[in-house]
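This report refers to the structure that appears directly beneath it.
These values consider heavy atoms only, across backbone and side chains, with no hydrogens, waters or symmetry-generated copies. Worth saying up front: this structure is predicted, and the values here are computed from it rather than measured.
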Amino acid sequence: MVDASMAVPLFVEEPASGPAGRLFADPERLVVPDIFRLEVMAALARRCRRGEIAPADVVAGGALLDRLGLVAVPHGPLLGEALRLSLDRRHPLQDCVYLVLARRREAALATCDATLAALAEHLSIPLWSHA
C-alpha cells in the first residue's frame, strides 16, 4: 500500500528518492486507491509550476505511472469510511482513503508524509520500512 507522497521522489530528487526507488522496483505487488495517479500528477504539476521540474518531466512521469502496473482499487467503496475518519480526525479526505484501504487490506502503508504516518500509527496501521 503506497501513497502519492512516495511516488513523487521517483521524479524529483529528494531524500526519499532511494527508498522510493526500492519500493517501486516491484510495482506489481503495490496497491493504491484509484486517486493515486491524480494525486501524483497534481504534485508533479505543482513542482513544475514552481520551476523545480520541466513540463516534459511531468508528462514522462505520467507515462511511467501508466507502465508501472500498480493494482488500483476504486475509491468509491472506501469513501464513506474515509469521510468519517477525515471528519473525526480532522485530516484530509484523500489521505483517509489511503488509510481505509490499508486497514481493509491489512497492509503496511508507505508514505513520506509525517502527519499521515503519525495518524496511521495511531490507528494501528503498520508503516512500510525501507531499512
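Under the 4.5 Å side-chain heavy-atom criterion for grouping Ile, Leu, Val, Met, Phe, Trp and Tyr, Trp128 is connected to Leu68 within one hydrophobic cluster. Clustering ILVMFWY residues whenever any of their side-chain heavy atoms sit less than 4.5 angstrom apart, transitively, puts Ile35 in the very cluster that holds Val71.
A heavy-atom distance below 4.5 Å is not found between the side chains of Val58 and Phe11. With contacts defined as side-chain heavy-atom distances shorter than 4.5 Å, the pair His91/Thr115 qualifies. You'll find the side chain of Leu123 reaches within 4.5 Å of the side chain of Leu85, heavy atoms only. For the pair Leu99/Arg89, no side-chain contact is recorded, criterion being any heavy-atom separation below 4.5 Å from C-beta on. Between Val12 and Leu44, the closest side-chain pair of non-hydrogen atoms falls below 4.5 Å. The shortest side-chain heavy-atom distance between Arg104 and Val73 does not fall under the 4.5 Å cut-off. Residues Phe24 and Leu70 meet the side-chain proximity criterion, which asks for heavy atoms closer than 4.5 Å. Side-chain contact between Leu119 and Asp95: absent, with no pair of heavy atoms (C-beta onward) separated by less than 4.5 Å.
Contact record, Ala72 with Asp34: CB-CA, 4.3 Å, taken as the closest heavy-atom pair. Taking each heavy atom of Leu23 and Arg29 in turn, the nearest pair found is O-NH2, 3.8 Å. When all heavy atoms of Cys112 and Pro9 are compared, the pair lying nearest together is SG-CG, 4.2 Å.
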Take Thr111 and Asp113 through the side-chain hydrogen bond (donor to acceptor under 3.5 Å, both in side chains) test and state the conclusion after the steps.
-> CA-CA 5 Å; Thr111 183; Asp113 180 332; 5.2 Å; no
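Although no hydrogens or angles enter the test, the distance criterion places a donor-acceptor pair under 3.5 Å between the side chain of Arg84 and the main chain of Gly80. Side-chain atoms of Arg103 never come within 3.5 Å of backbone atoms of Ile125 as a donor-acceptor pair (strictly under, hydrogens ignored).
Distance check, rounded to the nearest 0.5 Å: CE of Met1 to CG of Leu127 gives 12.0 Å.
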